[in-house]
Amino acid sequence: MPANLSQKEIGKRISELRKKKGLSQDELARELAIPRSSLAQIELGNRSVDVRELLKMSHLLQFSMDEFLAREFKTSG
């Protein structure tokens, strides 16, 4: 993981991927079995994401962990 990948950047990436899939925070939170408020805090960078949560997100939102954690991450293409 790049040393400068902050919680805020992780949250931004999750938010972009969620929106790209057309899911609301409620829908994704339900699938992750976490409160919507927790997901909102993750997306804002105010709460760290648990590794298990991130792995489940990668499955639900269909992203590669390698690509997600790469310095040059892109949500499109």
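The shortest heavy-atom contact between Met57 and Val49 is CE-CG2, 3.9 Å. The two residues Gln25 and Glu43 make their nearest non-hydrogen contact at NE2-OE1, 2.8 Å. The nearest pair of heavy atoms linking Ile10 to Phe68 is O-CZ, 3.8 Å. Nearest heavy-atom pair, Gln7 versus Arg47, reported as atom, atom and distance to 0.1 Å: NE2-C, 3.6 Å. Closest approach of Met65 and Ser58 over heavy atoms only: SD-CB, 3.8 Å.
Looking at Glu27 and Lys21, no side-chain N of the basic residue comes within less than 4.0 Å of a carboxylate O on the acidic one, giving no salt bridge. Salt-bridge formation is detected for the pair Arg13/Glu9: a Lys NZ or Arg NE/NH1/NH2 atom is positioned less than 4.0 Å from an Asp or Glu carboxylate oxygen.
Not one N or O on the side chain of Lys20 forms a donor-acceptor pair closer than 3.5 Å with the backbone of Leu61. Judged purely by atom type and a 3.5 angstrom limit, Ser15 has no side-chain atom pairing as donor or acceptor with the backbone of Lys12.
To the nearest 0.5 Å, atom CG of residue Leu44 and atom OG of residue Ser37 are 11.0 Å apart. If you take CZ on Phe73 and CD on Glu16, they are separated by 6.5 Å, rounding to the nearest 0.5 Å. Distance CG/Leu28 to NZ/Lys56: 9.5 Å, rounded to 0.5 Å.
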* To do: For the pair Ile34 and Ile42, evaluate side chain to side chain contact (heavy atoms under 4.5 Å, CB included) and give the outcome as yes or no after the intermediate values.
  => CA-CA 11 Å; Ile34 63 173; Ile42 290 169; 4.2 Å; yes
* Between Leu54 and Phe63, does a side chain to side chain contact (heavy atoms under 4.5 Å, CB included) hold up when you go through it step by step? -> CA-CA 10 Å; Leu54 191 57; Phe63 62 82; 4.1 Å; yes
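For the pair Leu23 and Leu60, the minimum side-chain heavy-atom distance is 4.5 Å or more.
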